[in-house]
Structure formats: C-alpha cells, structure tokens
Amino acid sequence: MRFVASTMPFLRSYKMIDQKIYKPNIIEPKWQERWEKDGIYKSDIDKNRPKYYALTMLPYPSGDLHMGHWWAMAPSDARARYLRMKGYNVLFPIGFDAFGLPAENAAISRNIHPRKWTYANIEKMRKQLRSMGAMFDWRREAISSDPEYYRWTEWFFTQLHKHNLAYRKKAPVDWCPKCNTTLAREQVWGEDRHCERCNTPVIKKELEQWFFRTTSYAEELLDFSHLDWPERVRLLQTNWIGRSEGASVIFHTEQGDPLEVFTTRPDTLWGATFMVLAPEHPLVEKLTTSAQEAEVKAYIAQTLRQSEIQREATDKEKSGVFTGGYAINPVNQKRIPVWIADYVLMTYGTGAIMAVPAHDQRDFDFAIKFGLPILPVIDRTDGLTKSFVSCHSVVDGFIDAIEKTGFSYEENSEGWNFTFPVTKTDEFIQVIKEFIASKGWVEVVGSKWVFVFENEIIVWDSVEKDQQILKLCVERNADAKQYRTLMEMLWQRPFYRDALYHDGYGTMINSEEFSGTPGDLAKEKVIAWLQNQGTGKGMVNYRLRDWLISRQRYWGAPIPIIYCPEHGAVDVPEDQLPVLLPDDVEWKPTGESPLKLHPTWKNTTCPICGKPAVRETDTMDTFMCSSWYHLRYLSPHYDKGPFDPREYDYWMPVDTYTGGIEHATMHLIYTRFFHKACRDMGITKGPEPMIQLRNQGIILGEDSEKMSKSRGNVVAPDELVARYGADTVRAYLMFFARWDMGGPWSSGGIEGASRWLRRIWTFYQNLPKPGKPSIETLKNLRRKVHQTLKQVTHDYESFEFNTIISGLMELSNEMIKAGEAGAAGTKEWQEALEIFILMLAPASPHIAEELWSVLGKPYSIHQQPWPEFDPEAIIEDLITLVVQVNGKVRDRIEAPVNITDQEAKNLALQSNTIQKFLEGKEPKKVIIVPGKLVNIVL
RNA sequence: GCCGAAGUGGCGGAAUUGGCAGACGCGCACGACUCAAAAUCGUGUUCCUUCGGGAGUGAGGGUUCGAUUCCCUCCUUCGGCACCA
C-alpha cells in the first residue's frame, strides 16, 4: 500500500462508477483480451503485402521485466505498430534467451532446478510483457532452452564442424573462477580483465576447448556496405576486428631456423636492430645459449606466474632478457640479438617481432632500458632539428657569431638550446665548426643526426658509427662512459626528447638503396622488393580471435560430440539430436561441467564403430543460441529444419533490429558471423541478417546512477503500470529523452504524461458543442493537424520518439483551443479528432482504441491505415518576416507567404521600429532570405 | 596513451538547409474553483537591466550580413580499446 495517496483518484473513480473518468486499469486488460481473442496481431505470410521484420533483442528470463526492457521494447513496438498502419505485414516477435548461468546459480544457492527456475520466470515475464500491450505474435514465441529449439542449436554446431568452422584446440583461455567456466574474449572487460557477468578478475587456464573460426570472416565482417547501422557500432566492430596492413618478413636465426615476423612498417626494416620473441615462442629454447639459460628460464617462469596473478596495470616498465642467440636481418645480413619480453604476445601475429626502436615507442623504451642500439631510418616529417651547445664545447665569440647569422636560442646555466628548421643545419654546423673547443663536441639531432668534433664532422648513419662516435665522446668527457648508446646519452637531456623518436611516415634514410624513398611509397616499394627477394610478402593481420564457445556448465546446449578412442571427436548423428540435458545433476561448483560428474550421462557408443565412447560434457556459450533466434521465430515448432524455408524466404532479412549498444562486439559480431557461415554452408541467403540497426540508450535511476537493487534506485515498471497504466508509461518513455541517449529517470515527468492522457480522455468524452468558428480557426486547425501528421510520420521513420509525443501534445493543445473557438461539429474538427487518435494509436494503443470507439468508428483502430498528410493544408498563408539590423532581430512583421524580395525589403525598411535603428543611415547591404528574413547591414 | 560520442534555462529536452534559441513537458510562482486540501483550469517563468536595451547554447578564436549548426585550439563528462608489432 505504498501508493495510498496517489491511487486515490482511481479508488474514488471505482466508487463513482463514472464512465467519463480515465481508468487505464479497466480499459487496458479489456482491450488486451479482445485483441488476443481476435488475433489481430497474428503475422502470417501474405504475398500481397510488403513484409517488415521488426526485431527487438530477446530478453533473458531473469524473472522481472525491468525498465530497460520497457525502454527498449515499448518504442520499438510503437514503431512496429506505425509500420503496420502504413500497410506493411509486420512481424514483431518475442522469445527468451533461456539458457545461461543465473539459472544455475539459483540452483546452487536455492536448490531449485534451473529448468524450473527458468520456466517459472518465463511465465511471470510473459504476464509482464502482455501488460505492455505490445503487438507480439505469441504463436511465434521461441525459448532457447526448449529441446525443440536447442536441437537445432546443436545441429548448427554439427554443420559448422562438418565445414571445418568449428575446431578444438588446447589454448590458454580466460577462466572466471566465480562462474567456474571459460569465457570468450569479448566477455572479459576492463583494465583488470574481469568477468563481464560477475566482475570477478579472470585467470588464464590451459584447456582443450572448442572454437568457431570467426577469424575466417574477419575481412567480410569489416564490410558494412549492406547495412544501415549506426556509425558508432560500425566503428566499435571495426576496432574490435582490428585490421592492420603490413608484411610478413622471414628472418633466420643464426642456426638457420626461419623466424617469421609480422610488421606494419616494412619500410623500417633497416632499423631493426634486435628481435623480441614472446616468452612462449617455440624457438626460444633453441635460441637460448647455455650462458643465458638460467636467466631465460627464470623470466619465462616469472611471466607465466604473472599472467596467472594478473600483470599489474601500473607496471608499464618494460622487462625482458637476452637469449644469447642472434638472428640475421634479411635486408642487410646484419647480425642482431634476440630477446624475449612479455610485451610481445604469442596470440598476435607470429609471437615474434623485429624491433625498430627508432620508430616504435615500445621498442624504443625497451632499447633505452637495455642499452640496445637505436638507428633512425625514417626522416622526420616536421623538420624539427635541435642542438644543445654546452659552454665548454665552444670558444669565446661563438654566441655573438651565431646570433649574427640569425639563430635564436634559449640560454641556461650549462649552455644554449637551439631549435631550427632542418634547412639551416649546414649553416649552423659552419659556425659550430669555427668555434668548436678542442675538448668539446656538438651534436645536431632530429631531422639530421650529426656530431661535430674539432677535426671532423661525423654523420650518425649506422649502428657502427654509433659506437665510433660514442668512443670519441668518452675521450673528451669521461662522464659519457656510463652510456651504452648515443641515443641513451641524448635521452638524458630532456630538451632533446621530443626530437629523438617518431613514428611518422617520412622519407627512408640509412636504408641502403632504399634511402630517399618518399614516405607515401616506402611501404609498398619495400613489400614488392621483399616479395621479389623471397624474404617476405604483403600481409594483413587482425586483432579478432576465434570465438571460444565451450562452457563448463550445465544449463546450456550440449556440444554434440562423442569422443571415441579410435575415431576421435565424432559428430552425434543428426537423427540423434538433440543431445538432451539430463535432469538429475549435482550443482556443486567444481570447475568441471556438472555433466562430467553425472554417473552415466557421458557414457555412450561411437557412432562409427559402436565401441564405448564418451560425450563432450561442455555446453555451448549462450551467444550461440542468440545467434540464430531471429530464424527460429519464423517457425518455432518446425521439426524438419531450424526454420521453415517458406517463412525464411518471405520474412528475412530482419528489416529493423533494435537493442542495446553493449552487444556491439559480442552478439552483433557473432550473429553476423553465424549468418555468413550459414550462407556459405547453403543454409541462409543474402549478405547480412539484420539490415537496419538502432540502439537505445540506457535509463538510469533518478540519482543518475545505473539502476541496481543494491543502490535502491530501481524503478519498477509493474508499479508504474498499476499506478498510471501502460499507455502512460509507454507515452512517457517515448517522450522523456532521446531514445538513443537514454538518461536519468524522472518520477515527476511521468505525471505530465499521465495528465496529458487524462486531459485527452476528458476532452474526447466531453466534446465541446458546435459553435460558429471563423474560417481562420478551421484553416489553422487543419494546418496544425497536417503539419503534425507530417512531422510524426517523419519521426516514426527516424526513431525520434520524443518529438512524436511533444508534437501530439502541441496538437492536442491546439484542438482544445479550437474547440473553445467553436470549431466542433465541422468536417475539419472531425478530421482532427480522427487523425489525432490514429497518430496516438501506436504510442498508447489502449486509450486510442477506446476513444476510437467513443468517436463511433469501427474496431479496430489498429487495423486502420495511417493517414496521409495533405501538402496543400500545411502551407502557411502568413509568415513572420524577421527583420534584423546588423544581424540582430529588431522587428517581426506579419506578411503574406508569397511576398516578393522587393516587397519584403520595403516592408522592413518602412517599419517604425526599424527606422529607429537605422538612425537615418543608408543601408550598405540588405540580405533577404525569401519568405523568412530581412537583414539590413549598416 | 589511442579511438569515438556528448556538453543548450532550476530539470528532461526542442530547433528540416547556416536564418526568430529555449518548442513540448517537469518544477516553481501567482490566480480561479474549494470550508480546506488534492485534482483540475488560467497566467507567468533563460539571465541581467537605469525598462532604452544588454548578454546568452562548455571556454577561447575563426569563416559569414548572420553560427546551437561550419572550421581550429582547449576544458569537462561518458563509452570503447589498451604493450595488437
């Protein structure tokens, strides 16, 4: 009895038994029953009408329909209803994504069977869904945990396996210790790599698991040309798939083993001064010399341990060890050391890299830390050139001389910092040469790399020169002894830092015959050359991984595989599908599938040889179920295949798919992969499963935080429906925010929507008496009606639900005013009454049906055609001519709509208000926007 | 760090193409009805003002007769990715 005070109007209305008071709790169930009985929302194949498949993401049966479901579904339903009125044969189905962990967790904590828990929840949610008054065709309801459904989930697995798109491999996989199962990469979130469902940090486990070859479709998944999807989702998917173009280059170890690397920068090959392998790389053992063995083994052990306890995100410091082994750089035959480091991942590329420290930030950090040689091989594109001149390096008179030549500098206690364009380098060196002290040197860095000594000028253009120059420096200043490379020495001077490293595409330098190749051609030229030499080739790499689908849980579709000692992994024959889940299992979380611990379930015989064999005991990721539910809706009870091909040919593809953005890199990639794989197996047709996608935003609690039970900010739709009625909740949800944005809930706002519907109700129940309206009144009324119709039609097409309701609110305000002005009883009046209710029908279907019948119109409003606006009617005959002086609005003049520019100008100049602002001056210029505005420039 | 989106009254938000900023609603104030309250209806509501006006769409600059809208720089918030070679 929380709402005693506010339910008062309803309570009173019961007592008064007054038909004229709006009672949504009476009319809503009444119409829902009638619609159900008459079957007005049955969607059957009808080749005479254009089809429209409107799909909303299916809910998980958690047991409660929350505000997010309403926010996602109610406006989608309104739009589906609008399309139906537009003449489409609309399919708007519903079902349940009914497999999954929460059911099993409930079983563990409350000792209820997952099936019982799930189906009780479904029953409850069906009731809640019905209260929404949506046009779901319940005959097409599909539940993924029904054997008649998962029979086909298993069947799809078998098909994928037969076509080599499903495979089994041992791999380090992400494991959630709380959910006691493996997770797909997409289900691991955040910096601390936690489980998407329960937030527990995941650990790595080495397990034999089933995968789908999503990577085979990486390139095609990047093609969105057949899709009308939000840019945001396309971008998320594009980044997730992570295409990078480059080359595969084959290095060789000194012992002669090929060592393949992937690089996006083949143009930097001459700057590859060392190599780094992932600690798990197969060649590590062979490369490691006995002297380095202990260190290497310790490092490998450390990284393995680290990956289990999670690498600290704060620990960005590079680590690694030298193997003692060397490789040969194939472009210049130079011998370069091979290291191992955990910044190279075994799971990307080949698990080995060529390190180009001068042009890759990570390699640079690594080289600086371990004193490895760094050689710039790409010219800077910004021409940044720097030189620090110590006062000990030059003799008296230097600074006067350099000033005379026009160089500017910053002075500090040690000397002078120069920054100048690369074109002035020679001039700079000339002056330095003249004033260089015998125990000094001066270096130029950035766009040129030159060291000036008393007797010679040395250009730093090779790794050999690095050491040679360093030696000369040490001779002059013993402090330099501590540095292993020139770059390490230069790095100590903060002034230089921004000039030492860059990763831009500039002209190649220090690269033998390729030196001088411009940056925009460098990559392709080197790739062509590598290909010619047989040492490499162009290659594309993707960040996307294959989809790990094994789950060590009970409540999912079993993976239909039998392991035979003789024949290996054998598919369960199609006529034996589905592999049914046993009912009697132990829930205790052990880290093994409960199916594995069942005493008999896994024992079977090999379909090939008939000898004893065991079943796969893992179940499938539930994203597998949701990858094809849009197909099961077409014929949920069909038993000759996953779907009835006649239904498929009529309804597919999905025309509009609505749901949350959180699925961008999970469900929405999986379902596209699934469709394309099925297409290649001859099961589905067309390039894509869902043509148009629109995402709703998220509704937050009133405190602007995510709704959650623990926060106590959950707004329950059931309570709102009981208090205000579904029509009000629907209208308010459409009104209160942009659908694609969402935002914090406002309990005050819904009162506004409630008032509005009550006002409409009262208005239609007590229509004003006919009067003597002016022609103007009627014309204005009709204009407003048709303008609103045009706008609302447009807004339904483009998912702008909030302006649909505000437009209808405006119109209803106008209609009330027109009624007061005596418009009742005219044909314009009647038209307004009807069109308004027709436009309201998709948003608030029950009140619309009731008021439609009050108008004496035939049942059902939801089978009426959407009205067409009259282009003649929307034309204004008076415009407000805005008159500006110097861009500021100074006057507004009513003028006929067809006013000429000259007339508009005259009218503006004649206005008394404007005269005042002109102050007798002659306008310099008059800008006229026809029918809108005059701007007088003084 | 990289990529992306968004910043408009007290609040949610509106503004077809660069052309009247703040539609519609909430809230608030005042008034009507009422013994009273609720509900309902009406009026007002960006800020400042010397009542002439002036300022104003995160901040600063630019293009333009004219910028919430286009361009540049920056700030804040949110989302995604994060040693991806």
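Keep in mind that this is a model prediction, so the values were computed, not measured. Heavy atoms only: backbone and side chains are in, while hydrogens, waters and symmetry mates are out. Chain letters run A, B, ... following the sequence lines, proteins first, then strands; residues in each count from 1.
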Listing time: all N or O pairs from protein to nucleotides 12-18 of chain B that are below 3.5 Å?
from  : atom 1 : to       : atom 2 : distance (Å)
B:G12 : O2'    : A:Phe736 : O      : 2.3
B:G13 : O3'    : A:Asn802 : ND2    : 3.2
B:A14 : OP1    : A:Asn802 : ND2    : 2.9

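- Side-chain N/O atoms of A:Ser798 and A:Glu800 include a donor and acceptor closer than 3.5 Å.
- Separating the C1' atom of B:U76 from that of B:A59 is a span of 10 Å, rounded to the nearest Å.
- In this structure, A:Trp739 and A:Phe801 have perpendicular ring planes: the angle between them is above 60°, well past the 30° mark.
- Side-chain atoms of A:Trp756 and A:Ser812 form a donor-acceptor pair, as typed in the model, at a separation below 3.5 Å.
- Aromatic ring orientation, A:Phe224 versus A:Trp229: tilted (interplanar angle from 30° to 60°).
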Side chains of residues 924-938 of chain A: which donor-acceptor partners sit under 3.5 Å, not counting sequence neighbours?
from     : atom 1 : to       : atom 2 : distance (Å)
A:Asn935 : OD1    : A:Gly887 : N      : 3.0

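- B:U77 and B:U8 are spaced 16 Å apart, taking the C1' atom of each and rounding to whole Å.
- To the nearest whole angstrom, the two C1' atoms, one in B:A21 and one in B:C72, are 24 Å apart.
- In this structure, the nucleotide among B:A85, B:G25, B:C20 sitting nearest to the side chain of A:Met809 is B:G25.
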Secondary structure of RNA chain B per the Watson-Crick/G-U criterion (both distances under 3.5 Å; [ ] crossing, | other strand, . unpaired) is (((((((..(((......[....)))((((((.......))))))(((....)))..(((((..]....))))))))))))....
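- Under 4.0 angstrom from either OP1 or OP2 of B:C41 there lies no side-chain N or O belonging to A:Arg758.
- Between B:G12 and B:U16, the two C1' atoms lie 23 Å apart (nearest whole Å).
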Using a cutoff of under 3.5 Å, can you pull out all pairs of nitrogen or oxygen atoms linking the protein to nucleotides 61-65 of chain B, with atom names and distances?
from  : atom 1 : to       : atom 2 : distance (Å)
B:C65 : OP1    : A:Lys925 : NZ     : 3.4
B:C65 : O2'    : A:Asn935 : ND2    : 3.4
B:C65 : O2     : A:Asn935 : ND2    : 2.4

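- The glycosidic torsion of B:G9 lies within 90° of 0, placing the base in the syn range.
- Here A:Trp547 and A:Tyr670 bring their ring centres to under 6.0 angstrom of each other.
- Checked by atom type, the side-chain pair A:Asp727/A:Tyr732 shows no donor-acceptor distance below 3.5 Å.
- Between A:Arg543 and B:A82, a side-chain N or O to OP1/OP2 separation shorter than 4.0 Å is present.
- A:Val344 comes within contact range of at least one nucleobase, with a heavy-atom separation under 4.0 Å.
- The side chain of A:Glu810 lies closest to B:A23, out of B:C20, B:A23, B:C83.
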Tabulate atom names and distances for all N/O pairs under 3.5 angstrom spanning the protein and nucleotides 49-55 of chain B.
from  : atom 1 : to       : atom 2 : distance (Å)
B:G54 : OP1    : A:Arg890 : NH2    : 3.2
B:G54 : OP2    : A:Arg890 : NH1    : 3.0
B:A55 : OP2    : A:Lys888 : NZ     : 3.3

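- Ring geometry for A:Phe366 against A:Phe370 counts as tilted: the plane angle lies between 30° and 60°, on a 0 to 90° scale.
- Going from atom CD of A:Glu810 over to atom OG1 of A:Thr803 covers 10.5 Å, rounded to the nearest 0.5 Å.
- With hydrogens and angles left out, the side-chain atoms of A:Ser747 and A:Glu702 include a donor and acceptor closer than 3.5 Å.
- For the residue pair A:Tyr299/A:Ser319, the side-chain donor-acceptor check at 3.5 Å is satisfied.
- The aromatic rings of A:His663 and A:His667 sit perpendicular, their planes meeting at an angle over 60°, well past the 30° parallel limit.
- Classified by interplanar angle (parallel below 30°, tilted 30° to 60°, perpendicular above 60°), the ring pair A:Phe262/A:Tyr348 is perpendicular.
- Listed by chain and number, the residues in a side chain to side chain donor-acceptor pair (under 3.5 Å) with A:Ser911 are A:Asp891 (sequence neighbours excluded).
- B:U73 and B:U63: their C1' atoms are spaced 15 Å apart (whole Å).
- In textbook terms, a nucleotide whose glycosidic angle is within 90° of 0 is syn, while B:G79, being further out, is anti.
- Using P as the reference atom, B:C3 and B:G53 are 49 Å apart when rounded to the nearest Å.
- Between the C1' atoms of B:G7 and B:A14, the separation comes to 16 Å (whole Å).
- The aromatic rings of A:His359 and A:His502 sit perpendicular to each other, their planes meeting at more than 60°, with 30° as the lower class boundary.
- Separation of the C1' atoms belonging to B:C24 and B:A15 is 12 Å when rounded to the nearest angstrom.
- Whole-Å rounding puts the A:Asn239 CG to B:G4 P distance at 9 Å.
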